[in-house]
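Just so it is clear, the structure is predicted and the values come from calculations on it, not from any experiment. Counting starts at 1 for both ligands and their atoms, following the listed order.
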Amino acid sequence: MTLADVVNTLLIPPGIFRPNEGSIALAETALEYNGKFLELGTGSGFITIVLYQQGKRGEATDISDRALRCARGNFARFKVQARLFKSDLYQEVERTYDTIIFNPPTSFNEDENERVIKNIIKSLFPSLISRYISAFYQWRNSPAREAALLDFIRITKDYLTKGGRLLLCVLNADAIYLEENAPHYVRISRGRNTIDNTLLTVTYR
Ligand SMILES: C[S@@+](CC[C@H](N)C(=O)[O-])C[C@H]1O[C@@H](n2cnc3c(N)ncnc32)[C@H](O)[C@@H]1O
């Protein structure tokens, strides 16, 4: 079964993010690492399910109750016994991990209604139109998102074990911004590219 097949077997109600090429790239990259992982913003639970199926162990979070319900259901169907908890980024995270994985939202300030509406629009419209809608939304939120991503990269250091890494899937333009503006103690290397996204591996000196 390919990872795209796994996506098709998940139960994903309207309003929950449907795993895309970026999610698949993140899952495949995370499989290269051992140790305990943390997936922030698990959505349908896809990445954590793939990792558990391949014998990796870790925990998953989301800020959204709706997403947590969806992930809990999918975990049960795939017999994944990962701890799943509600947290706004690292707010409820109390330990360190070897790998932290995040496919972040296009806006860090969106509320549950915006999240649900955005995901429903994406699922209703043909892919080309929903691509234009997403591109507009992404462009409108660029400055705030880039600043939030930079902050996120800084604070992640406190939640990684020594030698650990952050795997982040960002828009191509954001990848350039982060490479140019990351603090000196951060090393960013590029992984797989999709049409819209770049996978970044972030480590800390
Ligand atoms: C782009 S989706 C990615 C979902 C999943 N990781 C995947 O790749 O299929 C972003 C997810 O992050 C969650 N999220 C948004 N803001 C968050 C925050 N501040 N803390 C934790 N999760 C958040 C959303 O509810 C959503 O499920």
Sequence-distant partners of Phe102, ring-ring contact (aromatic ring centres under 6.0 Å, His included), two or more places apart: Phe152

ring-ring contact (aromatic ring centres under 6.0 Å, His included) partners of Tyr204, counting only residues at least two apart: none

Distance in Å, Arg72 CZ paired with Asn74 CG, rounded so as to fall on 0.5 Å steps: 12.0 Å

So what's ligand 1 close to, N/O to N/O, under 3.5 Å?
unit_1   : atom_1 : unit_2 : atom_2 : d
ligand 1 : 6 (N)  : Glu39  : OE2    : 2.9
ligand 1 : 6 (N)  : Gly41  : O      : 2.8
ligand 1 : 8 (O)  : Ser23  : OG     : 2.8
ligand 1 : 8 (O)  : Asn103 : ND2    : 2.9
ligand 1 : 9 (O)  : Ser23  : OG     : 3.3
ligand 1 : 19 (N) : Asp88  : OD1    : 2.8
ligand 1 : 20 (N) : Ser87  : O      : 3.4
ligand 1 : 20 (N) : Leu89  : N      : 2.9
ligand 1 : 22 (N) : Ile63  : N      : 3.4
ligand 1 : 25 (O) : Asp62  : OD1    : 2.6
ligand 1 : 27 (O) : Asp62  : OD2    : 2.7

CZ/Arg187: more than 12 non-hydrogen atoms of other groups inside 6.0 Å: no

Results of salt bridge (charged side-chain N to carboxylate O under 4.0 Å, His left out) for Arg18 - residues two or more places apart only: none

Side-chain (Asp62) to main-chain (Gly43) donor-acceptor, under 3.5 angstrom: yes

